[in-house]
Colleague: 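Have a look at this one.
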Amino acid sequence: MNKPWNSLRARLTLWYVLLVGVTLALFGALTLFGVQQRLLIQYDLILQSNAAQMIHLIRAENDYPVFDNTKLFQSTAQRLTLGGYGVRLLGRDGTLRDGFGAYETLPTFLPASAGHTTLNADADSMRVYSQPIKGSDGRLLGWLQISRTLAPLDEGVATLQQQLLLIAPFILALMALGGFIIIRRALRPLDQLTRTAETIERGDLAQRVNYRGAADEIGRLAATFDRMLDSLQAAFEREKRFTADAAHELRTPLTAIKGRIEVTLNQ
């Protein structure tokens with residue numbers, strides 16, 4: 001007798017659950033990656049927008065960039081500082097000239113071109129946007145760099161990851177239950193075929209599957225099984241008729257032979 005976990009139904013359910021689990025894992029990984037990239041793009045756009053505002057609040061002094069200390073600059077600097085941004089000015093040689101906000105922990109580096117980059121500072125990841133500062137004659141005066149910690153982004157991705165890990169077992173259990181029910185209904189005709197075969201084994205050739213489901217692979221198998229039983233029953237009936245006819249035809253000559261043998265024995 002087959003063990004329950006060694007049955008076709010159990011193996012199909014196991015493979016179904018495994019496929020669903022792999023699909024959920026891939027979906028979760030792609031979702032986390034997509035969300036992270038989307039948030040990073042939003043980060044970059046905000047940094048670039050703030051840099052576009054700050055570039056108009058910078059002037060040249062002794063061939064170096066300095067902040068233009070106006071009311072607009074003070075209000076903008078206060079807003080960026082409260083928002084957790086760090087803003088600094090670098091000379092063309094990469095020396096730090098000025099800055100405000102959370103810029104002290106950011107490592108000093110000279111960018112090769114304008115754009116975004118990610119740096120590690122004090123066990124924290126920082127997203128930095130660098131924009132060149134040019135004088136009225138087009139010469140490079142220095143660089144404007146605006147940075148912000150990636151901690152909110154990392155926390156958001158970590159929260160989403162935890163939610164996916166919490167909901168994944170429930171989805172997997174629900175899909176496993178649904179798959180088991182679907183597979184059991186799909187394999188129900190096979191159980192009927194087995195019971196019919198067991199009945200035939202006891203000598204009852206009149207049993208049929210009489211499948212009434214969809215005309216799928218199992219339906220065609222059940223119909224083929226019934227046609228095979230019809231052929232077997234017809235052959236068995238022909239054999240019975242042949243045996244009966246042969247017995248009837250042999251009865252008369254056998255009776256005659258028996259009578260002659262008795263007469264011979266009596267003489």
Side-chain angles (χ1 to χ4, degrees), residues 28-167:
L30 291 176
T31 299
L32 289 175
F33 179 77
V35 170
Q36 186 178 27
Q37 293 301 310
R38 186 62 182 174
L39 291 177
L40 191 59
I41 291 174
Q42 295 295 326
Y43 251 65
D44 292 344
L45 291 176
I46 294 174
L47 290 175
Q48 194 169 348
S49 175
N50 290 325
Q53 297 176 14
M54 286 299 304
I55 200 69
H56 300 291
L57 303 176
I58 300 173
R59 60 184 176 84
E61 183 178 290
N62 297 328
D63 208 22
Y64 284 104
V66 294
F67 291 119
D68 193 5
N69 193 14
T70 61
K71 291 183 178 180
L72 180 59
F73 166 76
Q74 293 176 359
S75 61
T76 304
Q78 183 179 9
R79 175 177 61 83
L80 293 177
T81 301
L82 293 177
Y85 294 91
V87 183
R88 68 183 181 184
L89 296 176
L90 301 179
R92 67 172 63 93
D93 55 353
T95 57
L96 180 63
R97 305 299 301 178
D98 198 359
F100 61 86
Y103 75 95
E104 294 89 352
T105 59
L106 186 66
T108 303
F109 72 100
L110 184 62
S113 61
H116 301 85
T117 186
T118 301
L119 297 176
N120 294 324
D122 295 339
D124 191 12
S125 297
M126 304 289 292
R127 191 66 172 173
V128 185
Y129 176 71
S130 302
Q131 181 170 340
I133 304 172
K134 296 183 179 180
S136 57
D137 55 356
R139 292 187 307 107
L140 180 66
L141 298 179
W143 293 87
L144 168 66
Q145 291 184 338
I146 299 183
S147 62
R148 191 184 183 190
T149 177
L150 288 174
L153 186 148
D154 295 336
E155 291 176 0
V157 173
T159 301
L160 178 61
Q161 183 179 7
Q162 292 176 358
Q163 292 176 351
L164 290 176
L165 291 176
L166 287 176
I167 198 174

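For clarity, every value in this text was computed on a predicted model and none was experimentally measured. By convention here, the first residue in the shown sequence is residue 1.
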Colleague: For G91 versus Y64, what's the shortest heavy-atom pair and its separation?
Modeller: CA-CD2, 4.3 Å
Colleague: Kindly list each side-chain donor-acceptor pair under 3.5 angstrom involving residues 149-161, sequence neighbours excluded, with atom names and distances?
Modeller:
unit_1	atom_1	unit_2	atom_2	d
T149	OG1	D124	OD1	3.1
T149	OG1	D124	OD2	2.5
T149	OG1	A151	N	3.1
T159	OG1	E155	O	2.8

Colleague: For L47 versus S147, what's the shortest heavy-atom pair and its separation?
Modeller: CD2-C, 4.2 Å
Colleague: If you count heavy atoms of other groups shown closer than 6.0 angstrom to CD of Q74, is the number above 12?
Modeller: yes
Colleague: Is there side-chain contact between Q145 and Y103, with heavy atoms separated by less than 4.5 Å?
Modeller: no
Colleague: Working to the nearest 0.5 angstrom, can you tell me the gap between S130 OG and L90 CG?
Modeller: 7.5 Å
Colleague: Please name the pair of heavy atoms, one in P132 and one in I55, separated by the smallest distance, quoted to 0.1 Å.
Modeller: O-CD1, 4.2 Å
Colleague: What distance do L40 atom CG and L45 atom CG have between them, rounded to the nearest 0.5 Å?
Modeller: 10.0 Å
Colleague: What's the shortest heavy-atom distance between I133 and I58, and which atoms?
Modeller: CD1-CD1, 3.8 Å
Colleague: So, do Q163 and L166 sit near enough that their side-chain heavy atoms are less than 4.5 Å apart?
Modeller: no
Colleague: Of the non-hydrogen atoms in T108 and G94, which two are nearest, and what is the gap between them?
Modeller: CG2-O, 3.3 Å
Colleague: Whether the side chain of R97 engages the backbone of G142 through a donor-acceptor N/O pair (distance < 3.5 Å, no angle test) should be reported.
Modeller: no
Colleague: Checking I146 against Q131 for the side-chain contact (heavy atoms from CB on, under 4.5 Å) test, could you report, in this order, the C-alpha distance in whole Å, the side-chain angles of both residues, the deciding distance, and whether it holds?
Modeller: CA-CA 9 Å; I146 299 183; Q131 181 170 340; over 6 Å; no
Colleague: Taking side chain as C-beta onward, heavy atoms only, is V66 less than 4.5 Å from D98?
Modeller: no
Colleague: Does anything in residues 39-64 form a salt bridge (Lys or Arg N to Asp or Glu O under 4.0 Å)? List the pairs, not counting sequence neighbours.
Modeller: D44-R127, R59-E61, R59-D68, D63-R92, D63-R139
Colleague: Does the side chain of L89 come within less than 4.5 Å of L144's, by heavy atoms?
Modeller: yes
Colleague: Give, for atom CG of L30 and atom CD of Q37, the distance between the pair rounded to the nearest 0.5 Å.
Modeller: 12.0 Å
Colleague: Between Q78 and T81, is the side-chain contact (heavy atoms from CB on, under 4.5 Å) condition met? List the steps.
Modeller: CA-CA 5 Å; Q78 183 179 9; T81 301; 5.7 Å; no
Colleague: Heavy-atom count check: over 12 atoms from other residues, nucleotides or ligands less than 6.0 Å from F109 CZ?
Modeller: yes
Colleague: What is the distance from atom CG of N50 to atom CG of L80, rounded to the nearest 0.5 Å?
Modeller: 5.0 Å
Colleague: Atom CH2 in W143, atom NZ in K134: separation rounded to 0.5 Å?
Modeller: 8.5 Å
Colleague: Can you measure from CG (L141) to CG (N62) and round to the nearest 0.5 angstrom?
Modeller: 11.5 Å
Colleague: For residues 73-98, which residue pairs qualify under ring pair (Phe, Tyr, Trp, His ring centres under 6.0 Å), counting only residues two or more places apart or in two chains?
Modeller: F67-F73, F73-F100
